[in-house]
Amino acid sequence: ENNSVLRVKNEQGVFVPVSCSKEFASMMECDPEEFIKAEADSPLSTVHPDDREEAAYLFRAWPYKGGQHSPYNKKAHHEK
């Protein structure tokens, strides 16, 4: 099983999803295509309102190195 979302930085500097696992979509109570469309139309719309400010900060402030690092995999990446 895989519970993940792959995001890329678009022309506006916003991280948008380009793929989503079925498991992640199921957790979000939708299918992968619905999740990708919802997030592409309104980034962070699927993040709880109380967490949006912090999530937006993480996406803006996190060093972007060709997709090798993200706010959500730093610990796992450094433990390898």
Can you list, pair by pair, the side-chain donor-acceptor contacts under 3.5 Å of residues 24-31, counting residues two or more places apart and other chains?
{"from": "Asp31", "atom 1": "OD1", "to": "Glu33", "atom 2": "N", "distance (Å)": "3.2"}
{"from": "Asp31", "atom 1": "OD1", "to": "Glu34", "atom 2": "N", "distance (Å)": "2.8"}

Set of salt bridge (charged side-chain N to carboxylate O under 4.0 Å, His left out) partners for Asp41, sequence neighbours left out: Lys37
Non-neighbouring partners of Ala56 that pass side-chain contact (heavy atoms from CB on, under 4.5 Å), sequence neighbours left out: Leu44, Arg60
Nearest atoms (heavy-atom pairs only) where Pro17 meets Ala40: CD-N, 4.4 Å
Pairwise salt bridge (charged side-chain N to carboxylate O under 4.0 Å, His left out) hits with a residue in residues 49-59, at least two apart: none
Pairs where residues 12-21 contributes a residue and the test side chain to side chain donor-acceptor pair (under 3.5 Å) is met, not counting sequence neighbours: Asn10-Gln12
With sequence neighbours excluded, residues passing side-chain hydrogen bond (donor to acceptor under 3.5 Å, both in side chains) with Lys22: none
Minimum heavy-atom distance Arg7-Phe35, with the two atoms named: NH2-CZ, 3.9 Å
